[in-house]
Amino acid sequence: MPNLPLRPCTQSGCPALTSTGRCAAHPRPVRPVTTERRYDDRRGSSTQRGYGHAWQQKRAAYLKRHPCCSQCGQPATVVDHVKPKSRGGADDESNYQPMCEKHHNAKRGRERHGQ
């Protein structure tokens, strides 16, 4: 392994020099295992769930054509699947709706809790 140049520790105010981001006195904090983390680990990354580069392009084009939330008329930031893909919804524009983050989060909460 080549010798890497020494740089200051990334921890604010630490003068120690290291070849990695942090010195031994300031290790990266361990992310606690929470219910949310277990859920995130189980569901996979956005790319694994079908939301990779191709989806990002579709999403951007759809939001350009439909810039307002279908619920409140505010600027839309999310392309929602009316019937979720996980429940058999189609991945085409007939199953899309533009939403602001507030309304999308409320809809997802209702879906998760079976309402």
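Note that the numbering runs from 1 along the sequence shown for the chain. Quick caveat, the model's predicted, so the values are computed rather than measured.
Looking only at side-chain heavy atoms (C-beta outward), His26 and Thr10 stay at 4.5 Å or farther from each other.
The distance from atom CD of Gln71 to atom SG of Cys100, rounded to the nearest 0.5 Å, is 8.0 Å. Atoms CD and NE2, from Gln97 and His104 in turn, are 8.5 Å apart once rounded to the nearest 0.5 Å. To the nearest 0.5 Å, the span separating CZ on Arg59 from CG on Asp80 amounts to 12.0 Å.
Scanning all heavy atoms of the two residues, the minimum distance from Ala24 to Pro27 falls at O-CD, 3.6 Å. Minimum heavy-atom separation, Pro15 to Gly13: CD-O, 3.4 Å. Of all the heavy atoms in Gly44 and Arg49, the pair that sits closest is O-NH1, 2.7 Å. Heavy-atom minimum distance, Pro67 versus Lys64: CD-O, 4.1 Å. Heavy atoms only, all atoms of each residue included: Cys9 and Cys23 are closest at SG-N, 3.4 Å. Residues Met99 and Cys69 share a closest heavy-atom pair of CA-SG, 3.7 Å.
Enclosure of atom CZ in Arg7 is not indicated, since only 12 or fewer non-hydrogen atoms of other residues, nucleotides or ligands lie within 6.0 angstrom. Heavy atoms of other residues, nucleotides or ligands lying less than 6.0 angstrom from CZ of Arg28 number 12 at most. More than 12 heavy atoms of other residues, nucleotides or ligands sit less than 6.0 Å from atom CD of Glu93.
For the pair Lys85 and Tyr51, the cation-pi test (distance below 6.0 Å, angle within 45°) is passed.
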Apply the test side chain to side chain contact (heavy atoms under 4.5 Å, CB included) to residues Cys68 and Gln74: give CA-CA distance (whole Å), side-chain angles for both, the deciding distance (0.1 Å), then the verdict. CA-CA 5 Å; Cys68 298; Gln74 294 296 314; over 6 Å; no
Using side chain to side chain contact (heavy atoms under 4.5 Å, CB included), reason through His66 and Tyr96 one step at a time and then give a plain yes or no. CA-CA 10 Å; His66 305 278; Tyr96 296 165; over 6 Å; no
Pair Glu101, Asn105 - check side chain to side chain contact (heavy atoms under 4.5 Å, CB included), show working. CA-CA 6 Å; Glu101 188 172 351; Asn105 290 347; 3.6 Å; yes
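The backbone N or O of Lys83 lies less than 3.5 Å from no partner atom in the side chain of Arg87, so there is not a single donor-acceptor pair. Without hydrogens or angle criteria, Asn95 side chain to Ala90 main chain gives a donor-acceptor distance under 3.5 Å. Judged purely by atom type and a 3.5 angstrom limit, Ser70 uses its side chain to pair as donor or acceptor with the backbone of Pro98. Between the Arg112 side chain and the Lys107 main chain, no donor and acceptor come within less than 3.5 Å of each other. Under a 3.5 Å cut-off, the side chain of Gln57 and the backbone N or O of Ala54 do not form any donor-acceptor pair.
Leu63 and Trp55 end up in the same hydrophobic cluster when Ile, Leu, Val, Met, Phe, Trp and Tyr side chains are linked at under 4.5 Å.
Using a 3.5 Å distance cut-off with no hydrogens or angles, the side chains of Thr18 and Thr20 do pair a donor with an acceptor.
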